[in-house]
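Below is a structure I'd like to ask you about.
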Number of protein chains: 2
Amino acid sequence: MDISKKSLLTPAEAAKLLHVAPTTIRHWAQIGRLPFISTPGGHRRFDRNDILSLMSTPKINVKNDFSILIIEDDKEFADMLTQFLENLFPYAKIKIAYNPFDAGDLLHTVKPDVVMLDLMMVGMDGFSICHRIKSTPATANIIVIAMTGALTDDNVSRIVALGAETCFGKPLNFTLLEKTIKQLVEQKKATS
Amino acid sequence: MDISKKSLLTPAEAAKLLHVAPTTIRHWAQIGRLPFISTPGGHRRFDRNDILSLMSTPKINVKNDFSILIIEDDKEFADMLTQFLENLFPYAKIKIAYNPFDAGDLLHTVKPDVVMLDLMMVGMDGFSICHRIKSTPATANIIVIAMTGALTDDNVSRIVALGAETCFGKPLNFTLLEKTIKQLVEQKKATS
DNA sequence: ACGGAATCGGGTAATTAGGGAG
DNA sequence: TCTGTCCTAATTACCCGATTCC
C-alpha cells in the first residue's frame, strides 16, 4: 500500500512518518498530543496534516506540559497579566488571544490547561466562549478563570453556571488569584 | 424523504467512507453489524444512512468524507450559500461560522476540506484568517475560496498572495463558482 | 449482446491495534 | 520521554470463481 498518497494514516504508517514506534503514536493519541479519528471498531486513523504539523512544531511546544491561554482584547491588561503568570509559572507556555479568531484557534492549537477569560470584550462574548469550552468534550476539562470589570452577582452566577471555575473582578486581586489558581491547578493534576 | 439523498453504496464506497478496507466491510456485513441488501448476483449494497449512523455512534468519531466551512457574518448570505453548496455536494458536511470565535474553533473541530471566506466582516479580518490558515501546517492544504463585495484588483492580488485558491465577487456567479469549486476539489483529491 | 477491467463474496491466515502495566 | 511485551480484538491480505460495469 502506497502511503504517500493517503491522507488518513494508520498508527503504523504515522509511526513511520514520525520515526517513532507505534506504541509512541498510541501514547501521543492517548494524551491528546495527536488528534485522531476512530473506525467503528475503535482503531485510530490519523490525518496526515496533523502528523506533518507535529513534525514542524518546535520542540518547545512538545516539551511544555503546562500552558495558559489569555483571552483579552485589552493589550495592556493582557501583557500585565502575562507578566504575573510568567512569574507564577516560570515554565508554563503562555499565549494571548487579542481577538476572537485567535481565541478559537489557539484553544485547539495550544490546548491550554488554563484559560483566563475576559467577559467584556468588543465583538466577543466571553459567556458564549465559556459555554463552548465547557460543553465540548475535548476542552471541557480546561480550567476557566473569568475576569470582568463589572463584578456583579448576576455576572458571577451566570458565568459559574456556564462552568467557569471562578470569576475575578478587575483590577485583579493578585494575592487571591495566585492562591486560587495554584489550588485549581493542583486539584486538576490530582484528578487527572 | 428526499429521493436525491437516498443512495446505495458498494462495499468499496462504504469502506472509503468509514476509512476501512473493503474486507472489513464484508466482515461487518457477515456478522450483522451492517445491514445490507443484495443484488440478484449476490453482491451487497449498503444504505448510506446505515453507514452514517455507524459513523455517528457515540463512542466513534469518524471524520466526514468531505466538509465545507463557511466563514461569513451575513446570516442571509451564508444561508443562501449553504443551500447552494448542499445542492452541489449532497453528502458534504457544511458548517457556518457567523463570528470570529467560531471560525477559529470550527477550523480545528471540523477540519474542513474547503473554506468559503468572506473578506469583509465586522470585527473579523478575512485576510489574516487566510494567512493563518495557509501558514499553519495543519490547515495549509485547505482550499480557501475568498468572497468579497469589493472585487478590486488590489483585494484579489492580496488574498491570492496570502494563499487563497481564488476570489469571487458578490453577488456570486454561481455557474462559475460551481465549475471552479468542483475543479479545485478534484485537483485536491488527485494530489492528496 | 460481447469483451475486458474492476470489484465482490467466501473463507482463512496473517498482520496490526488497543489497553495497561513495566 | 520513548519503547518492548503480553493478551485479546479489530482489521487486512490473499486466492479464485462469479458478478458488475461500461
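In this text the structure is predicted, and so the values were computed from the model without any measurement.
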Checklist entry - Side-chain N or O of Q30(A) less than 4.0 angstrom from OP1 or OP2 on dG19(C)? => result yes
Checklist outcome for this item: H27(B) atom NE2 is separated from dA13(C) atom P, nearest whole Å, by 14 Å
Item to check | Length of the CG-P vector between L8(B) and dT20(D), whole Å | outcome: 14 Å
Checklist outcome for this item: Rounded to whole Å, the CG-P distance (L9(B) to dT7(C)) equals 15 Å
Checklist entry - Of all the nucleotides listed (dA13(D), dC8(C), dT1(D)), which has the minimum atom distance to the side chain of A12(B)? => result dC8(C)
Checklist entry - Between E186(A) and K182(A), does at least one N-O distance fall below 4.0 Å, as a salt bridge requires? => result no
Checklist entry - Does the side chain of W28(A) get closer than 4.0 angstrom to OP1 or OP2 of dC2(D) through an N or O atom? => result yes
Item to check | Nearest-Å distance for atom pair NE2/P, residues H43(A) and dG19(C) | outcome: 9 Å
Checklist entry - Is E165(B) salt-bridged to K134(B), going by a charged N under 4.0 Å from an acidic O? => result yes
Item to check | N or O in side chain of R44(B) less than 4.0 angstrom from dG9(C) OP1/OP2 | outcome: yes
Item to check | Interatomic distance, I25(B) CD1 vs dA13(D) C1' [rounded to whole Å] | outcome: 16 Å
Checklist entry - To the nearest Å, how far apart are I31(B) CD1 and dG11(C) P? => result 14 Å
Checklist entry - How many Å lie between CD on E13(A) and P on dT15(C), as a whole number? => result 16 Å
Item to check | Rounded distance in Å - CZ (R26(A)) to P (dA10(D)) | outcome: 15 Å
Next on the checklist: Between the side chains of D102(B) and K95(B), is the shortest nitrogen-to-carboxylate-oxygen separation below 4.0 Å, so that they form an ion pair?
Outcome noted: no
Next on the checklist: What verdict does the side-chain hydrogen bond (donor to acceptor under 3.5 Å, both in side chains) test give for N99(A) and D73(A), after you've listed the backbone C-alpha separation in whole Å, the side-chain angles of each residue and the deciding distance to 0.1 Å?
Outcome noted: CA-CA 6 Å; N99(A) 61 66; D73(A) 60 353; over 6 Å; no
Checklist entry - Phosphate oxygens OP1/OP2 of dT7(C): is one of them under 4.0 Å from a side-chain N or O of T10(B)? => result no
Checklist entry - Considering residues at least two apart in sequence or located in another chain, which fulfil the side chain to side chain donor-acceptor pair (under 3.5 Å) criterion with D118(A)? => result K170(A)
Checklist entry - Counting only side-chain N and O atoms of T23(B), is one of them less than 4.0 Å from OP1 or OP2 of dC14(D)? => result no
Item to check | 5' precedence on DNA chain C between R45(A) and F46(B) (nearest-nucleotide basis) | outcome: F46(B)
